[in-house]
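Whatever order the structure lists ligands and atoms in, that order sets their numbers, starting from 1.
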Amino acid sequence: MTSSTDLNLPLFERAKAVIPGGVNSPVRAFKAVGGTPRFVKRAQGAYFWDANDQRFIDYIGSWGPMILGHGHPAVLEAVQKAAVEGFSFGAPTEREVELAEEILSLVPSMEMVRLVSSGTEAGMSAIRLARGATGRSKFIKFEGCYHGHADALLVKAGSGLATFGNATSAGVPAEVVQHTLVLEYNNVAQLEEAFALHGKELACVMIEPIAGNMNLVRASVPFMRRCRELCTEYGALLVLDEVMTGFRVALGSAQSVYARNIPGFKPDITVLGKVIGGGMPLAAFGGPRAIMEHLAPLGAVYQAGTLSGNPVATACGLATLREIRKPGFFDALSATTRSLVDGLAAAAAAEGVPFSADCEGGMFGFFLLPALPQNYAQVLKTDSTRFNTLFHGLLDRGVYIAPALYEAGFVSGAHTASDIEATVTAAREVFKILSKE
Ligand SMILES: *Cc1c(COP(=O)(O)O)cnc(C)c1O
């Protein structure tokens, strides 16, 4: 598509005049990969169409929520019906109770849940709850994990375990991140050292169990087991941020995947988002009754929201969860995702391109690296120029993956075997180009 006929270009110019960077969330701007973002006109099933009416096979799915694909008839019907009944009341509804019951029935570590509107809000509230419930201020997070953009979470590691984090964003005062300790993902020895130094002052450890914000890097079983054991030993809470993995990697979320290898494994607080809204602004956090009862109006930890439990969003989330819990949904989704990852690996191998990939349920990640990275520093070893060649090569061939190498990918129930085949064929052509560079 030459720039003179690319209808995305004038839209991007207009957008940049009125919205900072032309986008309402930074990664959409294509800053890492260069070029013009595709402005989406409409979407259906596994595809969306841009301003040029070019069709793309969508492997972002709104960064995870669209697990059924776009415009699923049951979800559409539920949303249309809810919209007619009313957009928002600021008073309780039966549907909020239904969604809460649905979530709790699928994630047994949670006895109560509070609904909010974004993953950021849920993550921020979970930290406040952990601090309020333990009466402690400090907490641990891991380099490369993203938990939303609350001030205390925009932190990178300080120099050594005694020094706490440094803010990664302007506008975040040093005092606000002074209680955030940032550690290396999958580093058991460092985790043990940090607990030995600060364990009695820690409110919680917050972690993405299968991290999807440094591409895809899963916490090793020994690492997750040690997180659980140390939290229990020192009276800190284990907060699993399942905003991305919740109802995406398995019906029971990532915690059910770890429970297969760690008997009785449970987090103290679970943070959810993305899939539970089915594409509408909806997120949640929950845990055992004794912890959740610290929240207002029962307890002293304040948390509120004008649009929390929104009737249209809850209708969308509920309809989505009811579809994915149907027998066979996750088996089929996992098989589709696996066939994509295997197909890409075979295509890369055929062209002699170093490649590694991983997937769980409907979430995948791949790297132009010979072996799967275990932490953020290893993810950073990816050659970004080669990634950009891959990204634009796929985009030109109608395949839309995340426009940054730090992002996971998503397959939906609407992706067919022929979508996967077309994607692998496109990828092989681009791998051929990469093999000659
Ligand atoms: C997307 C995401 C968030 C933030 O959710 P928003 O709805 O974008 O605020 C938090 N944690 C994780 C793991 C996420 O993937």
Side-chain angles (χ1 to χ4, degrees), residues 23-29 59-67 107 113-130 139-155 168-169 180 182 185 204-219 224 227 238-250 253-255 257-258 267 269-286 303 305 307-310 313-314 316-317 320 360-365 376 379 402-410:
V23 292
N24 285 312
S25 198
V27 72
R28 298 178 195 169
Y59 288 105
I60 297 195
S62 183
W63 302 97
M66 308 314 296
I67 193 164
V107 186
V113 62
R114 170 67 51 92
L115 303 180
V116 297
S117 300
S118 76
T120 289
E121 199 187 347
M124 174 189 85
S125 304
I127 297 278
R128 187 181 305 140
L129 175 60
F139 70 93
I140 287 174
K141 82 173 282 288
F142 299 96
E143 196 96 64
C145 289
Y146 178 68
H147 306 295
H149 62 88
D151 282 352
L153 289 160
L154 294 180
V155 195
T168 52
S169 166
T180 311
V182 184
Y185 200 69
C204 66
V205 169
M206 190 169 202
I207 183 170
E208 279 185 77
I210 302 175
N213 289 284
M214 47 173 155
N215 205 313
L216 187 155
V217 181
R218 60 174 82 217
M224 187 59 84
C227 284
L238 179 61
V239 181
L240 281 202
D241 182 349
E242 297 228 45
V243 170
M244 189 178 281
T245 54
F247 306 110
R248 166 52 75 178
V249 298
S253 304
Q255 50 199 270
V257 175
Y258 284 89
I269 298 176
T270 299
V271 187
L272 295 166
K274 298 197 167 101
V275 168
I276 63 165
M280 289 277 194
L282 192 103
F285 60 103
Q303 192 282 326
L307 297 178
S308 291
N310 176 270
T314 46
C316 188
T320 301
E360 190 70 45
M363 178 172 165
F364 67 89
Y376 189 56
V379 172
L405 65 88
Y406 310 107
E407 309 292 347
F410 304 96

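- Looking at Val243 next to ligand 1, no N or O pair under 3.5 Å apart turns up.
- Taking every non-hydrogen atom of Asp241 and a distance limit under 4.0 Å, the qualifying atoms of ligand 1 come out as 10 (C), 11 (N), 12 (C), 13 (C).
- The atoms of ligand 1 that sit less than 4.0 Å from any heavy atom of Thr120 are 4 (C), 5 (O), 6 (P), 9 (O).
- Inclusion of Tyr146 in the set of residues having an N or O under 3.5 Å from an N or O of ligand 1 is warranted.
- Heavy-atom minimum distance, Trp63 versus Pro65: C-CD, 3.3 Å.
- The N/O atoms of His147, backbone and side chain alike, include none that comes under 3.5 Å of an N/O atom in ligand 1.
- The proximity of Thr245 to ligand 1, defined as any non-hydrogen pair under 4.0 Å, does not occur for either the backbone or the side chain.
- With a heavy-atom cut-off of 4.0 Å, Lys274 touches ligand 1 through its side chain alone.
- Atoms of ligand 1 lying under 4.0 Å from any heavy atom of Gly119, numbered from 1 in the order shown and given with element: 4 (C), 5 (O), 6 (P), 7 (O), 9 (O).
- Gln255 and Thr270 share a side-chain donor-acceptor pair at under 3.5 Å.
- Looking at heavy atoms from C-beta onward, Thr314 lies in side-chain contact with Leu115 at the 4.5 angstrom threshold.
- For the side chain to side chain contact (heavy atoms under 4.5 Å, CB included) test with Tyr146, the passing option among Glu208, Lys141, Met244, Met214 is Glu208; the others fail.
- Counting atoms of ligand 1 from 1 in the listed order, those under 4.0 Å from a heavy atom of Glu208 are 13 (C).
- Checking side-chain atoms of Tyr185 against main-chain N and O of Cys145 turns up no donor-acceptor pair under 3.5 Å.
- The closest approach between His149 and ligand 1 stays at or above 4.0 Å for every heavy atom of the residue.
- The nearest protein heavy atom to atom 7 (O) of ligand 1 is closer than 4.0 Å.
- Near Asn213, meaning under 4.0 Å from one of its heavy atoms, ligand 1 places the atoms 12 (C), 13 (C), 14 (C), 15 (O).
- At a threshold of 4.5 Å between non-hydrogen side-chain atoms, the residues Ile269 and Met206 do not count as touching.
- Listed by number with element, the atoms of ligand 1 under 4.0 Å from a non-hydrogen atom of Met244 are 15 (O).
- No side-chain N or O of Arg128 forms a donor-acceptor pair with one of Gln303 less than 3.5 Å apart.
- For the residue pair Ala122 and Ala284, the shortest heavy atom distance occurs at CB-O, 3.6 Å.
- Using a 4.5 Å heavy-atom cutoff, the side chains of Tyr406 and Asn215 are not in contact.
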